[in-house]
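Just below is one structure, and these are the notes that go with it.
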Number of protein chains: 2
Amino acid sequence: MGKPEVLPDPQFQVDRHELVRRLAAVLPATSLLYSTEDTKPYECDGLSAFRKVPLAVVLPENEAQVQAVMRVCHELKVPVVARGAGTGLSGGALPHEQGVTLGLSKMKSILDIDPVARTAKVQPGVRNLAISEATAPHGLYYAPDPSSQIACSIGGNIAENSGGVHCLKYGLTVHNVLKVRFVTIEGEVMELGSEGLDSAGLDLLALVIGSEGLLGVVTEVTVKLLPKPQLARVVLAAFDSLEKAGQAVANIIGAGIIPAGLEMMDKLATQAVEQFVHAGYPLDAEAILLCESDGTPEEVAAEIERMEAVMRASGATQIRLSKDEAERLRFWSGRKAAFPAVGRIMPDYYCMDGTIPKRKLAEVLEGIDRLSKEFGLRCPNVFHAGDGNLHPLIMFDANVPGQSDLAAKFGSRILTLCIEAGGTITGEHGVGVEKINEMCVQFRPDELETFRAVKTAFDAHGLLNPGKAVPTLNRCAEFGMMHVHRGEERFPDLPRF
Amino acid sequence: MGKPEVLPDPQFQVDRHELVRRLAAVLPATSLLYSTEDTKPYECDGLSAFRKVPLAVVLPENEAQVQAVMRVCHELKVPVVARGAGTGLSGGALPHEQGVTLGLSKMKSILDIDPVARTAKVQPGVRNLAISEATAPHGLYYAPDPSSQIACSIGGNIAENSGGVHCLKYGLTVHNVLKVRFVTIEGEVMELGSEGLDSAGLDLLALVIGSEGLLGVVTEVTVKLLPKPQLARVVLAAFDSLEKAGQAVANIIGAGIIPAGLEMMDKLATQAVEQFVHAGYPLDAEAILLCESDGTPEEVAAEIERMEAVMRASGATQIRLSKDEAERLRFWSGRKAAFPAVGRIMPDYYCMDGTIPKRKLAEVLEGIDRLSKEFGLRCPNVFHAGDGNLHPLIMFDANVPGQSDLAAKFGSRILTLCIEAGGTITGEHGVGVEKINEMCVQFRPDELETFRAVKTAFDAHGLLNPGKAVPTLNRCAEFGMMHVHRGEERFPDLPRF
């Protein structure tokens, strides 16, 4: 399979001069960039292997300007690619060479905090962490915490349905957003969701969350806030095999415990991290688990006791408990810094994101290990063990001829492995351009057609983020992909794992 | 507004003889009912004010038979109305006079329980409570608990996105279902969702949950199970005014407590209930609150202490704590029996379902009280106070000429009140036929058109549950309805509240 090619799109033939003239009529000068010098910084997001320069970048200051841009693009039939903070890892904000990149970075006000309703109303460009910082004086916080939370925006979180290390207990973005204002490609504003738990009509809010910019642009977000737990502590447990660590995860869940976070790292990952942040991880362990409990001091004490007992019974070779908040943060710092830590010891890495049923953990890890040897590329693993979301980090050097492509092939094989185990090709990073070919493997043609039909209901001309997230059947045929559906069918030419 | 008229549908002209012949060819004889004697028991669901006899009732035994029925109806262009246990309160399963009612009652097997993944895979006809009963030996249960949980089916819960008294802490159906198998009107099977937290592509699972049979028929459901809390206790607090009780709700939430349940009943409701089930409610209180804590004994003890302190500070005139499981169940029995209790003292009642922002509680209750006097109909109130979901019960006697219509008008005015307060016309019962006119009030024409476009993506010929949930613009115009959107616009002829 290899790295998906991003083909030029003959469908769109845009008169750049006319486009800029029309955009200039509806935007302040500081909100419109069109010289290559100005637009080049927007050529990629966190998936830097893909780069394209858009015709123009617009940075609207308010909803009315977003509407105006959408109306211009709709009329001129120009692709629109929305962009939050550009930290996405699947290329969802990769520009379209015949399109406009619509950046939400200027819309970053926190509009309202209601401590009784426990909600905050914010603009899409507000940073994830800024919400928790602003609501901390009320003892509240916003739960989903992707590793990029210092930088990533809530609008981008909605596009990708982001998670984080605490989503096992507190859910993904879709579980923590109550309402959005949303601008359609025609420039109409819709309100989706409500301050209540349910809404009348079809659940378009849930449909929009995770839709990767395919349906419209979110201009205002009402999030659910949670009371900040009085205390949180982390158990760090070491194991002498990945299998035992995997079994410990199953045992924790099986014992009826719902940890606030349950993360696993293998030896390659802990070693990379220790050199970088000195989180205090044992270097001889084949795998470590980080297992957090939060709540009142009584709750935490009782739960930690049960967690430690399960870890011991599962064969942990070492168990440590964070003794204070500083140590708790230090334990997490290693996990949160795993990606840059790997980036530090190898010029390039490719962060994968797949989800598998928890019972298949050992089997899939073994498969990845086999592939690692086959491709001759190291692949440390960090993952949200509690919910089966893997992040293998394929290490390579793009300056060595052929390694980029090898890494992409390796990644594609890992995703196929996830599908065959009954899992899915995305945990929380989205499909974007990165995994668009694997969509052909995971879904049947009629399933892909349903996705496209739903998209068409919002965007009849296919102007919103074309070429991302949902492949055309044409593309699937072109790339020789075929559906491998939960092991029921398989492409005869695909190697068996 | 009054009771929505259900007009005959000239769009469908079905040859009944041909239909029955074709269905008989794909179903066992015991799965096809077509004599009026046999089909009449299916003429209504829990909203018995509306009745229609379908052309045929099919009761498939497996997914292949569901597919076969869908193919026949798709080919002959016959409406299909799916039906679970028939306990729905908004007429979602009201038959179509030119259609087939597809009952899922024979598909009631529990297919798999996985205690480590904490999931159960069941057929759609399985009763809500049966899931918790079957998983109890593993210490697990299925959290959403609508009052009808003894009878209602998981398939129906999905159609309506049902909640229950514990949904404040544990969420609605959409938060507790991981995956479904789903048959389209063309008879194709799709798998939506995954065993992981997120799935690739658009979130069609969330779209299908709460879609009231408009998109397809669910044939298999994988639900999330939760560990059964070791202990649960309920605080019963009495107040001498609705306002104080409402303020106590805000204070509980404001104190950072997330109760397992937080329910409010007014004096009319408690009095009706006490005569019926003797739940032990104080009869002199203007309002009572039921506030549950669950968890380990230590957690519950600590949380109950905080709940009681807030109740006292909020002016509770009496506070009682369930002393054992029997008393806890007795406290809840009154709340869960509120509907039949009211039914016992008045020939008819109309159970409303709307959601409002919690801060508007006192204002909306006052409005309902004023309407109650205006219409001369009593209206006890029970509601999920923690999430702002109201269930006013309009009492009337259908044998008194004009009272049915008066009750429907009263109900419609309550729903408009909810919309004007920034709320929504459904909390957990769905729209069905009951609230289809109010959809015209809550949503703008372009919003309704988006709902219809999404439906059309699944059902191009409009065969699935026609006339329910999403009105045509035609219908809105016919009934003289107009959009009242969160107080921004209003229909000039509507009386002000």
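Below, chains carry the letters A, B, ... as their sequence lines are ordered, and counting in each starts from 1.
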Please classify the contact between I252(B) and chain A as side chain, backbone, both or neither, with a heavy-atom cut-off of under 4.5 Å. backbone

Look at K121(A) together with D114(A) and state whether they make a salt bridge at an N to O cut-off of under 4.0 Å. no

Pairing of K468(B) and E212(B) as salt bridge, 4.0 angstrom limit: no

By ring pair (Phe, Tyr, Trp, His ring centres under 6.0 Å) - contacts of F451(B) (at least two apart): F443(B)

Please classify the contact of M190(B) with chain A as side chain, backbone, both or neither, using a heavy-atom distance under 4.5 Å. both

Residue among V470(B), I258(B), I425(B), T296(B) with most heavy-atom pairs under 4.5 Å to chain A: I258(B)

Against chain A, label A250(B) side chain, backbone, both or neither, depending on which of its atoms sit under 4.5 Å from a heavy atom there. both

Quick one: what part of N251(B) sits under 4.5 Å from any heavy atom of chain A, side chain, backbone, both or neither? neither

Test of understanding: with ring pair (Phe, Tyr, Trp, His ring centres under 6.0 Å), list the residues that count as partners of H138(A), not counting sequence neighbours. none

For the interface with chain B, which of L448(A), L214(A), I257(A) has the highest count of heavy-atom pairs at distances below 4.5 Å? I257(A)

So which of G163(A), G201(A), G388(A) has the biggest tally of heavy-atom pairs under 4.5 Å with chain B? G201(A)

Strictly by modelled atom types, are E303(A) and S293(A) linked by a side-chain donor-acceptor pair under 3.5 Å? yes

Just wondering, do E160(A) and H429(A) contact through their side chains at under 4.5 Å, heavy atoms? no

Would you tell me whether D203(B) and N161(A) have side-chain atoms, one donor and one acceptor, within less than 3.5 Å of each other? no

For L225(A), is it the side chain, the backbone, both or neither that has a heavy atom under 4.5 Å from a heavy atom of chain B? neither

Contacting moiety of V431(B), where chain A heavy atoms sit under 4.5 Å: side chain

Can a salt bridge be assigned to the pair D294(B) and K228(B) using a cut-off of 4.0 Å between side-chain N and carboxylate O? no

Chain B contacts, top residue of A302(A), G256(A), S211(A) (heavy-atom pairs, under 4.5 Å): G256(A)

Heavy-atom pairs under 4.5 Å with chain B: which of V116(A), L202(A), V454(A), L207(A) has the most? L202(A)

